[in-house]
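Whatever order the structure lists them in is the order used to number ligands and atoms, beginning at 1. Computed from a prediction, not measured in an experiment: that's the story for all the values here.
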Amino acid sequence: MAELSASFRLGGLEIAALSDGVGEQAPSDWFPGVAAEEWVAALGLDAEVASLPVNFGSFLVRGGGHTTLIDTGNGARTRGQHPGAAGLPDRLRELGVAPGDVDLVLLTHFHADHVGWNLEEDGGPVTFANARFYLHEADLAYLDDPNTPVSEGTAYSESRIAPLVADGQLEGFDGEFSPASGLVMVPTPGHTPGHCSVLIESQGERLFVVGDAAPHVAHLERPEWSPVFDLDGVRASESRRALAERAIREQALVTGGHFPILTVGRLGAAGAGYRWRDAEVASVE
Ligand SMILES: [Zn+2]
């Protein structure tokens, strides 16, 4: 069974990668238009596979006076659908963290698999009652725009976001935004208009949580490979490239919510793209 939780140190912080379940993804969704032999080689596989594991991951950052959660998974609606599904509250509890302990919730973007546990169930209550929530203004505007196509996904997202906006618990922001010392939300648009990655810094160590700028490390190695889920694939490619360049420049570790737990690495330049190397991290028992 896939790992559902792992913790490591970043400077003076403790970072926990927590799963809200591990599902399956068709490679054609992640690598549309890419010849099979290319993605098979990029993923280090021997042959084509029909599905790849997709973790629905959040990150808990503890230290510096805050308990911060990055993304809130699919939520209760996926219970029983796949291993670990709807397990985020249990994963937090295993670490001794009650929902009320979380004081910051950073949402990388509005998609349904990242905002699910904003509410305990349809209609509420708010799961993290004592937290301030942050989501980029461009995503809020997209959900509000009457021209945005209505789907089951956007309706679910709206149901998990609108009540928090209405009661003032969720704030929008524009540009690069620091909700607390050592945490920066870095706009990496394309997947959604307001998509952000989160740059975490402590004692000179840095970690980029890339959100859905890259659902698989192969998307960082080949920034031009845009998943079908990118609303604007060209812009998303530009964001992946900018993100990779910044991670290299800042000597930052990199991880992502859809990567299997635990996947942490560093990027280096390689031809027209980048290469991923797994990194050693100091694990926390
Ligand atoms: Zn996602």
What lies under 2.8 Å from the Zn ion (ligand 1), restricted to protein N/O/S atoms, is D113 OD2, H114 NE2, D212 OD2, H258 NE2
If only side-chain N and O atoms count, and only distance matters, is there a donor-acceptor pair under 3.5 Å linking S226 with R240? yes
Strictly by ring pair (Phe, Tyr, Trp, His ring centres under 6.0 Å), give each pair with a member in residues 64-107 just once, sequence neighbours left out. F56-H82
For R79, which residues count as a salt bridge (charged side-chain N to carboxylate O under 4.0 Å, His left out) partner, sequence neighbours excluded? none
Taking the six-membered ring for Trp, are F31 and W39 parallel (under 30°), tilted (30 to 60°) or perpendicular (over 60°)? parallel
Measuring from atom CZ of R277 to atom CZ of R266, what distance do you get when rounded to the nearest 0.5 angstrom? 13.5 Å
For E137, which residues count as a salt bridge (charged side-chain N to carboxylate O under 4.0 Å, His left out) partner, sequence neighbours excluded? none
